[in-house]
Amino acid sequence: MDPHLDIDQLDNAYQTGEEEFHKLIDGMSIGVGVYNANAAPMDCNEAAHDLLGLSKEQFLGNSAMDPYWKVTHEDGSKFETYDFPIIGTITNYKPKIGVIMGVSRPLLNDKVWLEVNTHPILNPDGTINYVFCTFKNVTDQYDD
């Protein structure tokens, strides 16, 4: 996760309820999203959908690997499904830290570079309950 976020604090707030969760994440400049075990978005803060150039409804209506995103690696190659940090976390039950993703934002007609971190939250039986994902805008570090 982002070094500024405490995963336990994030998880406790999420388990307490939507109001507590949003008290913690709203107003952050770092995007925070919550995804289910099928990589479908369940919740997010304003920064998350703003960084992707979408409304909250649009964000929640897209899957993490929706081709709409047109996501690229630093070398310009396309992210394949297995490359997405959320998929890696769901598949391997391990965090993915510092993944750089170039995301084309058609509605804004631009591209943003994001540093993405994912962290799984497991059920008592060891399966994925949900995944926290943070995205930080690092566009100023990349030339297009």
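Just so you know, these numbers use all the heavy atoms, side chains as well, and skip hydrogens, waters and symmetry mates.
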Pairs touching residues 52-61 that satisfy salt bridge (Lys or Arg N to Asp or Glu O under 4.0 Å), sequence neighbours left out = D43-K56
Contact list for residues 9-18, test salt bridge (Lys or Arg N to Asp or Glu O under 4.0 Å), sequence neighbours left out | none
Which residues satisfy the side chain to side chain donor-acceptor pair (under 3.5 Å) test with [X], sequence neighbours excluded?
X	value
H49	none
N12	none
Y14	none
D125	T127

Main-chain N/O of [Y] paired to [X] side chain as donor or acceptor, under 3.5 Å:
X	Y	result
T118	K96	yes
N123	G126	no
N117	G98	yes
E20	G17	no
N38	A40	no
R105	L54	no
T72	K78	no

Considering non-hydrogen atoms only, spot the tightest contact between [X] and [Y] and give its length.
X	Y	answer
F79	P85	CE2-CD, 4.5 Å
N36	M42	CB-SD, 3.2 Å
P120	I128	CB-CD1, 3.7 Å
V116	C133	CG1-SG, 3.6 Å
N45	V32	OD1-N, 2.9 Å

Which residues satisfy the side chain to side chain contact (heavy atoms under 4.5 Å, CB included) test with [X], sequence neighbours excluded?
X	value
A13	F21, L24
T91	I87
N109	none
D50	E46

Apply side chain to side chain contact (heavy atoms under 4.5 Å, CB included) to the pair L114 and L52, showing each step before the final yes or no.
-> CA-CA 9 Å; L114 302 175; L52 296 171; 3.9 Å; yes
Passes side chain to side chain contact (heavy atoms under 4.5 Å, CB included), I90 versus Y35? Steps please.
-> CA-CA 10 Å; I90 291 169; Y35 294 80; 5.7 Å; no
Is the count of non-hydrogen atoms from other residues, nucleotides or ligands lying under 6.0 Å from E74 atom CD greater than 12?
-> yes
Taking only residues two or more places apart in sequence, or in another chain, which ones meet D83 in a salt bridge (charged side-chain N to carboxylate O under 4.0 Å, His left out)?
-> none
Side chains of V103 and F135: closer than 4.5 Å at any heavy-atom pair?
-> no
So do the side chains of M28 and T134 get within less than 4.5 Å of each other, counting heavy atoms only?
-> no
Cluster overlap V99 with Y93, hydrophobic side-chain contacts below 4.5 Å | yes
Any link between W113 and L108 through a network of hydrophobic side chains (Ile, Leu, Val, Met, Phe, Trp, Tyr) touching at under 4.5 Å?
-> no
